[in-house]
Structures are given as C-alpha cells and as structure tokens.
Amino acid sequence: MKFPPNDTSRNGTQSQQQEEKRRVGLVYDERMCKHATPKAKGEPHPENPDRIRAVWDKLESVGITQRCVVFKAKEVEDKYIAAVHSKSHINLIKTISCNKTVSQRKKVAAKYDSIYFNEGSSESAYLAAGSVLEVAEQVAKGELNSAFAIVRPPGHHAEKSEPMGFCLFNNVAIAASFLLEQKKLGIKKILIVDWDVHHGNATQKMFWKDSRVLSFSVHRHENGSFYPGGDDGSHTMVGEGPGLGYNINVPWENAHCDEADYIAVWDHILIPVAKEFNADIILISAGFDAAIGDPLGSCCVTPHGFSILLKKLMEFSKGKIVMALEGGYNLDSLANSVLACMEVLLEDAPIDESYEVYPFESTWRVIKDVREKLSSFWPILAKKLPKTLTHRLKPLHEIYSSQSEDEDDVVPNASLKRRKRQNSPVQNSLSIKGKRQKALDTDDSEDVEDPQTRKVLKMKKMSNAELAGKLDVDCVSAMTEAARRLCGMENEVDVYRDHIRQLKDKVAEDNGIIEKQNIAIQEGEKRLQQVLNSEKELKDKLLAERVQNDAQIKELKEEQDKVMTANNHMASEIAARDKTLTIKEREIEVLKQQLANLEAKGKEADARGTDCAYCRLLAKLDRLRYVGQAVFMTQHVVGQWWFPAIFSGDMTNGSGGSRRCFLGIWQKPLVVNVKKFVCFMGICKA
Ligand code: X5A
Ligand code: ZN
C-alpha cells in the first residue's frame with residue numbers, strides 16, 4: 001500500500017491495521033461527466049462535469065483513492081427506479097438522450113425547473129443512481145464499512161414525476177428503497193441526512209408517510225424564499241400517517257451559517273434523534289454547497305466542519321454510512337470537503353472536534369422551534385435548552401466579518417474568511433473591524449499592529465497540530481469545548497432526571513391505584529363474606545322450619561291414620577250392622593208374610609164361621625213327631641169360647657209333653673167372646 005509522501009503521521013504497521021479495520025468504497029466513473037449543458041457558451045453551469053473530476057483528482061492526488069475499494073459505475077435497473085419514480089418519468093430520462101435534437105431537448109428541459117439535457121444525460125443519470133445503489137448494497141451486506149459515491153447528476157430535488165434543480169433521478173431515495181426492499185439485507189430503518197444547502201424536497205415526499213426512513217434535511221429556507229422555496233422545507237413538515245415525526249427539517253433563517261451552527265443542530269436535534277431512531281444504515285445526501293466559498297450556498301462550513309459532522313454520525317449504525325454527492329459548486333471547497341469526509345470514513349486520525357465559533361442567535365431560535373415541533377414524537381427533544389448554552393453567540397464574528405453581506409467574491413480555502421453575521425450585537429463597531437479586516441486580508445502578520453488581529457493571523461497560518469501546541473489559544477478553545485460539552489451533558493442529565501422523575505411519578509401513581517384496588521378487593525371480600533353469612537343464616541332458618549314442618553306433617557299423618565282406622569272400624573261395624581239389619585229385615589219380611597198368610601187364613605176361617613183352624617192344627621199335630629223344644633200359644637175358639645193354650649217341652653215323644661201344657665191351660669180357661677185366634681210358633685224341627 002502506497003501512501004502520499006507527505007503522510008508522515010503513521011507507519012506501515014499502523015496503516016496496515018487501519019486498512020484491516022476500515023473498508024471504504026469509492027465510486028467514480030468518467031461516464032458521469034457526459035451529462036452537460038448542450039454547447040454552453042459563456043459562464044459554465046454550476047452543475048458541470050468538472051465537479052466530480054475535481055473531487056476524484058483531489059482524492060487521487062493525496063492517495064486516498066488507493067486506500068479505498070474503487071468501483072466503476074453500474075446503470076441502475078428500471079425496476080429499482082420504479083420504487084420512487086413514475087413510469088413516465090423513467091421513460092423521460094431513459095429516452096431524453098437519443099434521437100433528439102438539441103433544440104428538442106431544450107424544449108423539454110424548459111418545462112422543468114433548473115434542468116438541462118444533452119446526449120449524455122440519460123446514461124449519467126442511470127449511472128449515478130446505480131452507483132449509489134451498488135455501494136449501499138455492499139455497505140448493507142457488510143462487505144464495505146462505508147462508502148462515498150462521487151456521482152452526478154445529483155438527486156435530492158428529483159421528484160416522482162419530474163426532474164428538478166439539476167437532479168434527474170433521486171439517487172439516494174432509489175438506494176434507500178432498494179435496501180428496504182431487499183429483505184435479506186436486514187435493513188429495516190434508514191436515516192437519511194441531507195446536508196446539501198438546499199432542501200431535499202423530493203426525498204421528503206418519497207418517504208413522507210414512511211416510518212422506516214427518517215429524513216433529515218438542514219437547509220437555507222429564509223421563509224421559503226431560498227431554492228427550492230415554498231413551505232416544503234419548513235420545520236412544520238414532520239411527515240404524515242405512520243411517517244409522522246419521521247421527517248425533520250432545520251430551516252436556516254439566513255445565509256452564512258458555519259460549522260458552529262451545523263454542530264449545534266447536530267448536538268441538539270439530529271444526534272439525540274439518531275440515538276433514539278437507531279438506524280441500520282445512514283445515507284447522506286452529501287451536498288457541499290453549504291461549504292465555505294460555495295457560490296450558491298453562501299454558507300461557511302469548512303472541510304474540518306464537515307469532518308466533525310460526519311464523525312458524529314459514525315457513532316451510529318455501526319458506522320455503516322453511504323455518502324452520495326448532491327450539490328457543491330466551488331470546486332476547491334467541494335474537493336477539500338469530500339477529502340475531509342474520506343479521512344473520517346477511513347478513520348485516518350482522531351478528529352479534533354473543537355471549533356472556535358458559536359452559532360447565530362437565529363440558529364438557537366430555529367433549533368428551539370424544531371425541538372418544540374418534534375418533541376411529541378421525540379421526547380428527548382422536549383427539554384428546554386439551558387440559557388448558559390443558547391447565550392453563547394459567535395463571539396469572534398467581529399474579527400472575521402467583512403464589509404458587505406451581498407458580496408459574493410469568495411476565496412476558496414481562505415478557511416476562516418467569514419461574512420458579516422446578521423445578528424451580531426457588535427456589528428456596528430466598524431472602525432476597529434475595518435482595520436482588522438484589512439489586516440487580515442494582507443498576508444504578513446508581522447506588519448500588523450493590533451495584537452488581536454496579529455494573533456488571529458498567526459492562527460490562520462498554523463496547522464491544527466501547531467495550533468494544538470499553542471496553549472493560550474488551545475486553552476480557550478478547549479475550555480470552550482469543555483463548557484459546551486458540559487452544557488450538553490447537563491442538558492442530557494436534566495433530560496434523564498426529568499425522565500426518572502416522570503417514571504417515579506408514574507410508579508407512585510400506579511402504587512396509589514394498586515392501593516385503591518386492594519381496598520376495593522378487601523371491601524368486596526367483606527361484602528361477599530356478609531352475603532355468605534346471611535345465606536348460611538337463611539339456610540339454617542329454612543332447615544329448622546323444614547324440620548318443624550316435617551314433624552307437624554308426621555303428627556297430622558298419624559292423626560289422620562288414627563281417624564282412618566277408626567273410620568274403617570266404624571265402616572265395618574256399619575257394614576256388619578247393615579248385614580244384621582238386612583237379615584232382621586228379611587226375617588221381618590218372612591214374619592210379615594207368615595202373618596199375612598195367617599191373617600188370610602183367619603179371614604177364611606171367619607168366613608166359614610165354626611171351622612176352627614186350631615182344631616185342625618191339633619189334629620195335624622197329633623200325628624206329628626216333634627223333635628226338640630217348641631212353644632205354641634194359641635187361642636182356641638169353641639163355640640163362643642176361646643182357650644189360650646201353651647204347648648211346651650220336648651215334643652219328640654209325640655204327644656206327651658204338649659198335652660200336659662195343654663191341659664194346664666185347659667184347666668183354667670178364660671171365656672172371651674172373640675172369634676179370632678193368634679198362633680205363635682217356635683222352632684219346629686220337623
Ligand atoms: C442539487 C442542488 C441546486 C439547484 C439550484 C437551482 N441543486 N437554482 O444543489
Ligand atoms: Zn444544493
């Protein structure tokens with residue numbers, strides 16, 4: 001491995017280790033120079049082929065290209081473009097370079113904003129998008145640690161269906177969609193950092209509703225008057241639907257911002273959010289038109305400033321960073337800035353993250369606005385910035401301020417030549433300022449009287465290493481940096497403290513709720529016990545009643561039984577009596593019949609007069625043999641007389657006993673003038 005001759009800071013072994021540690025991809029292809037303004041006369045277009053040549057040449061001249069994995073460009077496939085651009089747009093870019101005259105292309109280009117086409121535009125556009133996609137895939141796979149795609153035309157203004165602002169395809173957006181689509185790469189979250197001085201309007205729209213892509217753009221806005229203009233770049237544009245909170249705009253209110261402004265935005269917006277978002281890979285829309293000396297951007301970020309910004313991002317996504325060139329129109333400034341970034345990607349040397357200027361007042365205002373707008377999505381931004389921090393406003397500006405703000409004659413690489421600061425509280429002290437400026441513009445510090453100016457001039461001439469040796473200067477910057485970090489840390493600590501307090505409050509609140517719930521549970525249990533108790537009481541009562549009822553029922557049943565048996569008795573008695581009654585009645589009936597018979601016979605006898613039934617009965621009896629006892633009573637009428645007679649005794653002997661009775665009665669006859677007689681007959685066993 002060959003190193004540039006001026007590289008004395010490391011030896012071979014160390015660099016070998018570096019080499020093993022970092023694999024950095026670099027894409028460059030001459031074919032991307034084909035896109036150019038057709039037959040331009042006069043002023044060259046700012047977005048011209050020399051831009052990427054200047055970058056490549058610079059990297060080659062310092063030996064960086066040799067330490068990278070260099071790729072030739074590959075044309076992107078239409079299917080990958082189709083993820084973010086319409087079919088008609090793809091068709092436009094695909095066909096714009098063939099079978100058309102210069103004037104035809106001019107006519108088409110005129111339909112769009114800041115666009116030109118030539119016979120090479122199509123190929124360049126396909127190569128630019130393909131290059132970014134290619135290295136992005138390699139970085140995602142881990143085959144490269146990081147990469148820089150030196151491409152053109154740029155991409156971040158190219159909308160879904162129209163080229164715009166020097167951009168034909170949105171190279172970064174195509175790569176981002178590709179990474180998310182290739183599931184096997186395992187890329188689920190992408191952070192896009194757009195530090196081009198212009199708002200990344202197209203990238204914002206393409207991932208507007210997408211929470212997988214956090215789009216961050218810091219840009220000149222100036223109330224929508226700076227290109228691309230309108231409200232799109234406003235800090236209130238925070239995304240929509242699932243993408244709500246995943247679009248962050250930091251809109252500068254004025255030109256001339258330098259790294260102090262950008263670093264403040266990094267420290268207080270981008271880095272806290274990046275920590276929280278935890279992307280799998282970072283894509284940087286790396287425009288360098290905010291670089292010092294850029295004719296379009298009029299900002300003042302030095303190459304060192306860009307290296308600080310990049311270094312701060314290297315802490316995330318395991319250093320998986322893909323940078324794609326967007327704008328940047330001062331060739332020297334552009335090349336030096338890219339070089340500074342390459343040194344960071346290669347981890348050449350520890351980056352001195354100190355800087356000596358403070359942000360504009362307007363910068364703090366913008367930061368506060370952005371933080372406030374986003375605090376509901378990113379609670380880490382909710383904390384108010386401490387005054388100790390925001391009161392530090394560019395203290396050195398008077399030394400560096402120039403005469404006119406509108407003057408645009410920039411001196412590339414005159415790294416510390418600054419423009420006047422709009423919000424400078426001391427910008428009216430023109431006399432001393434004018435002198436110092438004049439002195440600064442000369443190159444001989446020894447001739448200068450003013451000690452402060454002399455000091456600054458000396459510093460200008462010193463390398464960083466030399467500067468570090470100068471304690472008096474370094475002390476100030478070190479202290480400043482330390483104070484700044486302390487403020488940052490205090491801020492963070494405050495945020496954590498706040499968070500802890502919130503958590504504690506929540507715990508206390510939860511405990512209260514749990515306590516209340518416990519009480520409610522206890523009350524419920526008590527009530528349940530009461531219900532159970534009364535249930536038991538009721539049950540017992542009912543049981544007792546039942547027992548009582550049972551006993552009563554039993555008693556009644558027994559009584560009933562008794563009554564029934566008694567009734568039965570009575571019934572059978574009645575039945576028996578009925579029987580006897582029937583028998584008696586039958587006997588009565590028989591006797592009545594006999595009586596009737598006898599009466600009839602008596603009437604017969606009465607009719608015959610003297611015919612005596614008794615006599616005839618006697619005559620019959622005389623011839624009968626009687627067995628057993630028999631009693632006869634009779635009235636015997638003889639003539640006018642009647643004789644009651646009783647026959648009694650054993651009549652088995654024929655006539656014996658009966659005669660004797662008969663005789664007895666016979667001896668005391670009663671003479672009654674009755675013509676009737678009655679005969680009673682006993683048991684006759686004839
Ligand atoms: C990519 C880029 C700037 C367009 C400016 C048009 N475009 N006036 O920086
Ligand atoms: Zn730009």
#### Entry: For E315, all residues meeting side chain to side chain donor-acceptor pair (under 3.5 Å), sequence neighbours excluded
none
### Message
Taking side chain to side chain contact (heavy atoms under 4.5 Å, CB included) as the definition, give me every residue that meets it alongside K160, ordered by chain and number, with sequence neighbours left out.
### Response
S86
### Query
Side chains of T203 and V84: closer than 4.5 Å at any heavy-atom pair?
no
### Message
Using the side chain to side chain donor-acceptor pair (under 3.5 Å) criterion, which residues pair with Y262? Sequence neighbours excluded.
### Response
W252
### Query
What residues, two or more places apart in sequence or in another chain, satisfy ring-ring contact (aromatic ring centres under 6.0 Å, His included) together with H156?
none
### Message
According to side chain to side chain donor-acceptor pair (under 3.5 Å), who are the partners of D50, at least two apart in sequence or on a separate chain?
### Response
R53
#### Entry: Of all pairs that satisfy salt bridge (Lys or Arg N to Asp or Glu O under 4.0 Å), the ones with a partner from residues 299-311, not counting sequence neighbours
none
### T236: side chain to side chain contact (heavy atoms under 4.5 Å, CB included) partners, not counting sequence neighbours
S234, K373
### Query
Between D289 (side chain) and Y329 (backbone), is there a donor-acceptor pair under 3.5 Å?
no
### Qualifying residues under ring-ring contact (aromatic ring centres under 6.0 Å, His included), relative to H157, sequence neighbours excluded
H198, Y227
### Query
With E372, which residues qualify under side chain to side chain contact (heavy atoms under 4.5 Å, CB included), at least two apart?
none
### Query
With sequence neighbours excluded, what pairs up with D57 under the side chain to side chain donor-acceptor pair (under 3.5 Å) test?
none
### All side chain to side chain contact (heavy atoms under 4.5 Å, CB included) counterparts of S211, not counting sequence neighbours
Y246
### Task
For H35, check ring-ring contact (aromatic ring centres under 6.0 Å, His included) against everything at least two apart and list the hits.
Y116
